[in-house]
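Read the structure below first, then the notes.
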2 protein chains.
Amino acid sequence: MLDEIIAKITSQYDTLSNEIIEEWKSDILMLELEKGTQLVREGSYTNKLFYIYKGSAKAYHLKDGKAIADWFSFEHEFICAITGYFLGHPSEHYIELTEDSILLEFNRKHINILSNKYHDFERFTRNAITKIMLQLQKRVVYLQFSTAKERYDFLLKEYPKIELHISLGDIASYIGITQETLSRIRAQK
Amino acid sequence: MLDEIIAKITSQYDTLSNEIIEEWKSDILMLELEKGTQLVREGSYTNKLFYIYKGSAKAYHLKDGKAIADWFSFEHEFICAITGYFLGHPSEHYIELTEDSILLEFNRKHINILSNKYHDFERFTRNAITKIMLQLQKRVVYLQFSTAKERYDFLLKEYPKIELHISLGDIASYIGITQETLSRIRAQK
DNA sequence: AGTCGAATTTGATCTATATCAAAAGATTTC
DNA sequence: GAAATCTTTTGATATAGATCAAATTCGACT
């Protein structure tokens, strides 16, 4: 099963040689965890990167005591506590499963070792980061200047089935509006 | 002078061998252009990446006929029409110099050739993209849920001297508020 | 199946910021 | 250096969406 998942991951980016994949596999954890499990807590040092095989997860932070969603990850996507992972700072984010999930856990050190050792793996990580960067760029554009309804419509275009997996409150905070406002937008559809 | 600039760039990320630098130099254009010059226009295909050595530039797009700033770049920073460059789509952005500037122009094809040929160069580009990604992440956080004043304070912390280089209207659109609101925030300092 | 707690909806009110308009200041141009 | 143009400020008003509060619906657990 792990082979199958890795085949799926590499098909999304670049093909990697068997040699690289074998070495990579030696340090991957496969986890099956239930909804609500916290993978990362705010303030902790984290060097973990997750790949969702089944299920979904969210990264969020607290502002004035309220949870604000920062990143959702669904099947075949990565998620990490972004500043913690890339900068080595204590995490500003929590990561929590929003459904019962099967996921892979990678370790930053091991990823870096592989990136340094294999040019192909370095390219692979660059492509993964580029994808995250472009997703963030899209979010900036619609957070900058658009109405609550435009934000919601944009999100639905990106993730048509998000409602099946993520609660209204989390969706609202992700697009920068209150849950009451989102509820009213939904009502008039 | 080109050598000096390249030394500065690589010192910000990773050291590159002389061999790589020589090959890289063979396809770099150095430009001295005046304020207001448009480097990229909306709708055009663009495979150019710029590095600001002196001066500054902005990327912006039009929404309902109004210019909305997406990215500022100051001395020793990169700028490109992000979706055009990374996805090969017609550009959604304009890029324009906000001051008389000296800049380097790189070509995507050449960058990609170097990245494929040299592992060290691949790592260098990954680091540059990671930096852009982290900048975008920070912007998302403050655009998501903060008041006009919080956004402005945050921007000033990031770029204390931005006022010397960028007009009030551009700054306002960058943080997602109107210029009248920004003017009033400034007034009560 | 019924109970309890959480999530969502609905209602009433408030407020930060947008919008529209015009004046005041800067900067560029010939 | 006066005219023209662009940028910033100030004022008056409108409004999208926040906030506060309560009712309703949903879902998990015994």
Would you mind telling me which residue lines up with the more 5' stretch of DNA chain C, A/Gln179 or A/Phe145, judged by nearest nucleotide?
A/Gln179

So, is A/Thr147 near the phosphate of D/dA16, with a side-chain N or O under 4.0 Å from OP1 or OP2?
no

Interatomic distance where CD belongs to B/Gln144 and C1' belongs to D/dG17 [whole Å]
16 Å

If we count only N and O atoms by modelled type, under 3.5 Å, do the side chains of B/Thr98 and B/Ser56 hold a donor and an acceptor together?
yes

Backbone of B/His61 reached by a side-chain donor or acceptor of B/Asp70 within 3.5 Å
yes

Looking at the side chain of A/Arg184, which of D/dT10, C/dT9, C/dT10 is the nearest nucleotide?
C/dT10

Here the distance between atom C1' of D/dT9 and atom CD of B/Glu163, to the nearest Å, is 14 Å

Of the listed nucleotides (D/dT10, C/dA18, C/dG11), which one gets closest to any side-chain atom of B/Ser183?
D/dT10

Checking all strands, does B/Leu182 fall into the base, sugar-phosphate, or nothing category for heavy-atom contacts under 4.0 angstrom?
nothing

Rounded to whole angstrom units, what separation is found between the CG atom of B/Leu143 and the C1' atom of C/dT17?
15 Å

Quickly, which of A/His93, A/Glu42, A/Glu96 forms a side chain to side chain donor-acceptor pair (under 3.5 Å) with A/Tyr60? Name it, please.
A/Glu96

Separation of D/dT19 atom C1' from A/Asp64 atom CG, nearest Å, is 13 Å

Ionic contact status for B/Asp153 with B/Lys157, cut-off 4.0 Å
no

What does B/Gly176 touch in the nucleic acid at a heavy-atom separation under 4.0 angstrom: a base, only the sugar-phosphate, or nothing?
sugar-phosphate

Euclidean distance, atom CD1 of residue A/Ile175 to atom P of D/dA18 [Å, nearest integer]
10 Å

Taking the side chain of A/Ser167 as its heavy atoms from C-beta onward, which of C/dA7, C/dT17, D/dT10 lies nearest to it?
C/dA7

Separation of atom CD1 in B/Ile177 from atom P in D/dT8, rounded to whole Å:
13 Å

How many whole angstroms separate atom CG of A/Asp100 from atom P of D/dG27?
15 Å

Does A/Glu180 or A/Ala148 map to a spot on DNA chain D nearer the 5' end, using the closest nucleotide for each?
A/Ala148

Of the nucleotides D/dA18, D/dT8, C/dT17, which has the atom closest to the A/Thr181 side chain?
D/dA18

Could you check A/Tyr51, A/Trp71, A/Tyr53 and say which one makes a ring pair (Phe, Tyr, Trp, His ring centres under 6.0 Å) with A/Phe78?
A/Tyr51

By the 4.0 Å heavy-atom rule, please label A/Thr178 as base, sugar-phosphate, or nothing.
base

B/Lys66 has its side chain closest, among D/dA18, C/dT19, C/dT9, to C/dT19

Take the protein atom CD1 of A/Ile171 and the nucleotide atom C1' of C/dA7, then report the distance between them rounded to whole Å.
12 Å

